[in-house]
Number of protein chains: 2
Amino acid sequence: MAGHITGESPIQREPGIANLMSSHKQVLAHAEAQCADKGTKLTQKRKTVLQGLLQTQQAMSAYELADYCRDELGESMPPMSVYRILEFLEGEQLVHKLKLANRFVACVHITCDHKHAVPQFLICEQCHRVSEVSIKESTLRALRNNVETAGFKLASPQIELNCVCDTCAVAG
Amino acid sequence: MAGHITGESPIQREPGIANLMSSHKQVLAHAEAQCADKGTKLTQKRKTVLQGLLQTQQAMSAYELADYCRDELGESMPPMSVYRILEFLEGEQLVHKLKLANRFVACVHITCDHKHAVPQFLICEQCHRVSEVSIKESTLRALRNNVETAGFKLASPQIELNCVCDTCAVAG
DNA sequence: TACATAAATGATATGATATATCATATTTAT
DNA sequence: ATAAATATGATATATCATATCATTTATGTA
Ligand SMILES: [Zn+2]
Ligand SMILES: [Zn+2]
Ligand SMILES: [Zn+2]
Ligand SMILES: [Zn+2]
């Protein structure tokens, strides 16, 4: 197998690649500082994995990320290490796991100061582009109501929605 | 391995087991008639798989269902057949696939006449009990708004929420 | 520095969910 | 009776994930 990334979900590179790169540097620096504050360490490997997610701008599987880090970022990266590292990054809220897609994305709020709100993820079924938005309080409350009426409690208020992004909608 | 069903998610049997069985018969009959109307066939195997989902009252993986059909319903059932049959049953809206849990449930509306509404699934992380409820139009509209503002379109308005059921909440 | 300890990473095995493909059996139509 | 379509069986393989033990690297203390 040539790689885990198929023709159907190409890794997108936006035009202003140089700008993106430097913006990623800032995000990584912020993430590193954030870890230092908490007494954890954003090691080289961890930084590379996060960088992979930032650069691809897509929801990536652990195996896809392993390939990407090796092939594009020149850092040997066994899949099992990627899983461990993603677990760490999730704990630091630098990365989110999308259960609907069995994939991972970089948090869009890394450089923000505000507390992380309840995230809502819009996942393009076709290209795995992801938009991380915040649920309106009123909407969340309505959902919570539904849930408790049915005799359940929300375990994780993270909501993930199967979508098609506008680009893919136009193309397909 | 002894089976796919672990101690943590035992198959629940409610007290009025005889009543449930007869009610399942009715559901199966209704499902069969519904298929006949559409020119499809609810074969013996398909009926058995659906029966398994009705009896266990839980979200089941294809492999768990294969075991259950063989061990409890006396119908040899290779996992690959289960996948095919589940795909058929999904198409008939007799079964829903929960992507969040990688499991399948029987639709609760099989005996209803009304058109199937947008389903919302509350999934107990601990015991896999599932409640299929309907989203309020206003809530759905609010979500849709969020989605389209972000440049996405809802591909499937099915919403699945990670929950804990009251029984497990009390126990745990 | 030298050593002990803890943290991070590497490597291997295995489990769990899912798809693809071809063979066989059953049903339906002619 | 035969052909075609449908349903099922069987095998291989892809994909996502966890468990475990070995090795390396970083950190703290004598
Ligand atoms: Zn985030
Ligand atoms: Zn897309
Ligand atoms: Zn339903
Ligand atoms: Zn429960």
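Every chain is numbered from 1, with letters handed out A, B, ... down the list of sequences.
Between A:Phe104 atom CZ and D:dT15 atom C1' the separation is 13 Å, expressed in whole Å. Between the CE atom of B:Met80 and the C1' atom of C:dT17 there is a distance of 9 Å, given to the nearest Å. Across the protein-nucleic acid pair, B:Glu64 atom CD and C:dA18 atom P stand 11 Å apart, rounded to whole Å. One interatomic measurement links the two molecules: OH of B:Tyr83 to C1' of D:dA14, which rounds to 12 Å at whole-angstrom precision. Distance CZ (A:Phe88) to C1' (D:dT18): 20 Å, rounded to an integer number of Å. Whole-Å rounding puts the B:Met77 CE to D:dA10 P distance at 13 Å. Look at NE2 on B:His128: it is 13 Å from P on C:dA16, rounded to the nearest Å. At whole-Å resolution of the value, CD in B:Glu87 and P in D:dT8 are 13 Å apart.
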Quiz prompt | Sequence-aligned protein contact record of nucleotides 23-30 of chain C, with B where the base is within under 4.0 Å of a protein heavy atom and S where only the sugar-phosphate is | solution = ----SS--

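Contact annotation: A:Ser81 side-chain N/O to C:dA8 OP1/OP2 distance is not under 4.0 Å.
The main-chain N or O of A:Thr139 is never found under 3.5 Å from a side-chain atom of A:Arg141 such that the two would form a donor-acceptor pair. In this structure, B:Gln26 contributes its side chain and B:Ser23 its backbone to no donor-acceptor pair below 3.5 Å.
Electrostatic pairing of B:Glu32 and B:Lys47 counts as a salt bridge here, judged by a charged N lying under 4.0 Å from a carboxylate O. Using a cutoff of 4.0 Å between basic side-chain nitrogens and carboxylate oxygens, A:Glu160 and A:Lys99 are not scored as salt-bridged.
A ring-centre distance under 6.0 Å is found for A:Phe121 and A:His96.
Non-hydrogen atoms lying under 4.0 Å from DNA chain C are contributed by B:Lys97, B:Asn102, all within residues 94-102 of chain B.
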Exercise. List the steps and the verdict of salt bridge (Lys or Arg N to Asp or Glu O under 4.0 Å) for B:Glu148 and B:Lys153.
Key: CA-CA 6 Å; B:Glu148 298 194 353; B:Lys153 286 193 177 12; 5.3 Å; no

Exercise. Take A:Arg70 and A:Glu75 through the test salt bridge (Lys or Arg N to Asp or Glu O under 4.0 Å) and record every step on the way to the result.
Key: CA-CA 5 Å; A:Arg70 176 173 36 73; A:Glu75 181 112 34; over 6 Å; no

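The base of C:dA18 sits within donor-acceptor range of the side chain of B:Tyr63, with an N or O pair under 3.5 Å.
Remark: B:His109 engages B:His114, B:His116 in a ring-ring contact (aromatic ring centres under 6.0 Å, His included) (not counting sequence neighbours).
Summarising the local packing, CD of B:Glu87 is surrounded by 12 or fewer heavy atoms from other residues, nucleotides or ligands at distances under 6.0 Å.
In this structure, the nucleotide among C:dT12, C:dA18, D:dT8 sitting nearest to the side chain of B:Ile85 is D:dT8.
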